[in-house]
Amino acid sequence: MEKVVSLESHLDMWMTDTCNRYLNVLTELGVVDKKKVSKLSKQILGKRNEMLDEYIPIFIEETFKLLENKDVETKKI
C-alpha cells in the first residue's frame, strides 16, 4: 500500500506540473488570453485538481491490478 501512495503522490505532482506547463504554453502562444487565464486562475486550478483527484487513483489502482496479475507472462527481450 505504501507503494501505491508513493506512486499516486508522484503522479499527482507530475500531472500538476504538466497541466501548468501546458496552460503556460497555450498562453505564451496566444491560444488563450493571458488576462482571462489570470482572472479565472482559481477556477482553472480547481478544475485541474478535481480531474487529478478523480482520475489518478483510478489509474494507480488499475495499474497495480495489472502488475499483480499472476496470469500475465513477461518475457525478456
Side-chain angles (χ1 to χ4, degrees):
M1 194 57 159
E2 187 177 314
K3 288 181 181 180
V4 173
V5 172
S6 177
L7 182 57
E8 193 170 326
S9 174
H10 281 82
L11 186 59
D12 184 62
M13 287 186 295
W14 183 78
M15 289 300 297
T16 298
D17 184 56
T18 301
C19 290
N20 291 343
R21 287 174 188 243
Y22 185 67
L23 184 58
N24 287 336
V25 167
L26 291 175
T27 304
E28 289 174 13
L29 291 174
V31 176
V32 294
D33 182 29
K34 267 186 183 179
K35 290 179 183 177
K36 198 166 193 175
V37 168
S38 179
K39 189 183 233 182
L40 298 173
S41 65
K42 285 185 181 181
Q43 290 94 328
I44 292 169
L45 293 176
K47 286 291 183 188
R48 179 204 66 198
N49 292 341
E50 285 176 24
M51 179 205 57
L52 294 176
D53 289 346
E54 182 175 349
Y55 292 107
I56 287 177
I58 294 168
F59 174 77
I60 299 299
E61 183 179 325
E62 293 302 316
T63 299
F64 272 94
K65 281 181 187 176
L66 287 171
L67 294 172
E68 292 173 347
N69 187 348
K70 304 280 189 229
D71 296 334
V72 176
E73 191 177 313
T74 59
K75 296 180 182 179
K76 289 188 177 181
I77 297 175

Roughly how far, to the nearest 0.5 Å, is the [atom2] atom of [Y] from the [atom1] atom of [X]?
X: I60; Y: K65; atom1: CD1; atom2: NZ; result: 13.0 Å
X: K34; Y: L26; atom1: NZ; atom2: CG; result: 13.0 Å
X: Y22; Y: T27; atom1: OH; atom2: OG1; result: 11.0 Å

Can you find a pair of side-chain heavy atoms, one from [X] and one from [Y], that are under 4.5 Å apart?
X: V25; Y: V31; answer: no
X: L45; Y: R48; answer: yes
X: K36; Y: K39; answer: no

Count the heavy atoms of every other residue, nucleotide or ligand shown that sit under 6.0 Å from CZ of F64, and state whether that count exceeds 12. yes

Is there a continuous path of hydrophobic side-chain contacts, each under 4.5 Å between heavy atoms, that joins [X] to [Y]?
X: I44; Y: L29; value: yes
X: L52; Y: L7; value: yes
X: L40; Y: V37; value: yes

Between T18 (side chain) and W14 (backbone), is there a donor-acceptor pair under 3.5 Å? yes

Examine distances only and state if a side-chain atom of N24 and a backbone atom of N20 form a donor-acceptor pair shorter than 3.5 Å. yes

Give me the atom names and distance for the closest heavy-atom approach of T16 to D12. OG1-O, 2.8 Å

Option among E61, M51, E8 that satisfies the side-chain contact (heavy atoms from CB on, under 4.5 Å) test with I56: E8

